[in-house]
Amino acid sequence: MNFNEKCYGVLSKVPKGKITTYKLIAEALNTKAYRAVGNAMNKNPYAPEVPCHRVVNTDGRVGGFASSTEKKIILLKKEGISIKNSRIQDMKRYLYRP
DNA sequence: CGGTTGACCAAGT
DNA sequence: GACTTGGCCAACC
């Protein structure tokens with residue numbers, strides 16, 4: 001099992017309507033490679049299976065997305081998360097921590 | 001094997 | 001708030 005698969009494994013546990021952060025994923029894997037986690041998401045071969053759009057930055061920013069940040073925001077809004085100016089509103093409310 | 005790159009983070013200005 | 005700096009770790013030349 002390589003690093004990326006572990007990331008996908010953790011991410012797939014995030015329920016719909018909630019979000020998590022790159023840092024939390026790294027912590028769940030018992031490592032500090034939040035940056036490498038971002039790389040893993042960018043590749044994301046398990047596209048529909050792994051909801052990579054539910055991963056945001058620790059400071060409440062949405063972060064990036066392979067297609068476009070806008071697309072990510074739309075998806076999150078559809079899940080019931082309010083976003084303003086690429087930032088999560090009330091992130092604590094939606095945050096899912098392992 | 002070293003250097004660069006990123007969907008990052010924390011602390012400083 | 002916004003922007004900069006230094007640090008971090010895996011993947012890829």
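Proteins get letters first, then strands, A, B, ... in listed order; numbering begins at 1 in each.
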Legend entry - Base B:dC8 paired with A:R35 side chain (donor-acceptor, <3.5 Å):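 For A:R35, whose side chain was compared with the base of B:dC8, there is a donor-acceptor pair (under 3.5 Å).
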Legend entry - Side-chain donor/acceptor contact of A:N39 with base of B:dG6 under 3.5 Å: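 Such a pair is found, so the answer is yes.
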To the nearest Å, give me how far apart [atom1] ([X]) and [atom2] ([N]) are.
X     : N      : atom1 : atom2 : value
A:E27 : B:dC9  : CD    : C1'   : 11 Å
A:Y8  : B:dA7  : OH    : C1'   : 11 Å
A:Y46 : B:dA7  : OH    : C1'   : 19 Å
A:Y22 : C:dC8  : OH    : C1'   : 16 Å
A:N4  : C:dC9  : CG    : P     : 17 Å
A:K32 : C:dA10 : NZ    : P     : 10 Å

What nucleotide among [options] has an atom nearest to a side-chain atom of [X]?
X     : options               : answer
A:Y34 : C:dG1, C:dA10, B:dC9  : B:dC9
A:F3  : C:dG1, C:dA11, B:dA10 : C:dA11
A:T31 : B:dC9, C:dA11, C:dC9  : C:dC9

Inset, instruction - Determine whether A:K6 and A:M1 make a side-chain contact, defined as any pair of heavy atoms from C-beta on separated by less than 4.5 Å. - result: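 Side-chain contact under 4.5 Å: yes.
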Legend entry - Salt bridge present between A:E27 and A:R97 (N-O < 4.0 angstrom):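 Salt bridge flag = no for A:R97 with A:E27.
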Inset, instruction - Output the distance between atom CD1 (A:I19) and atom CG (A:L24), rounded to the nearest 0.5 Å. - result: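 One finds 10.0 Å between CD1 of A:I19 and CG of A:L24.
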Legend entry - Along DNA chain B (nearest heavy atom to each residue), the more 5'-positioned of A:D59 and A:A36: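 Going by which nucleotide is closer to the 5' end, it is A:A36.
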Inset, instruction - Pick out which of A:I81, A:I83, A:T21 makes a side chain to side chain contact (heavy atoms under 4.5 Å, CB included) with A:M91. - result: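 Of the listed residues A:I81, A:I83, A:T21, the side chain to side chain contact (heavy atoms under 4.5 Å, CB included) partner of A:M91 is A:T21.
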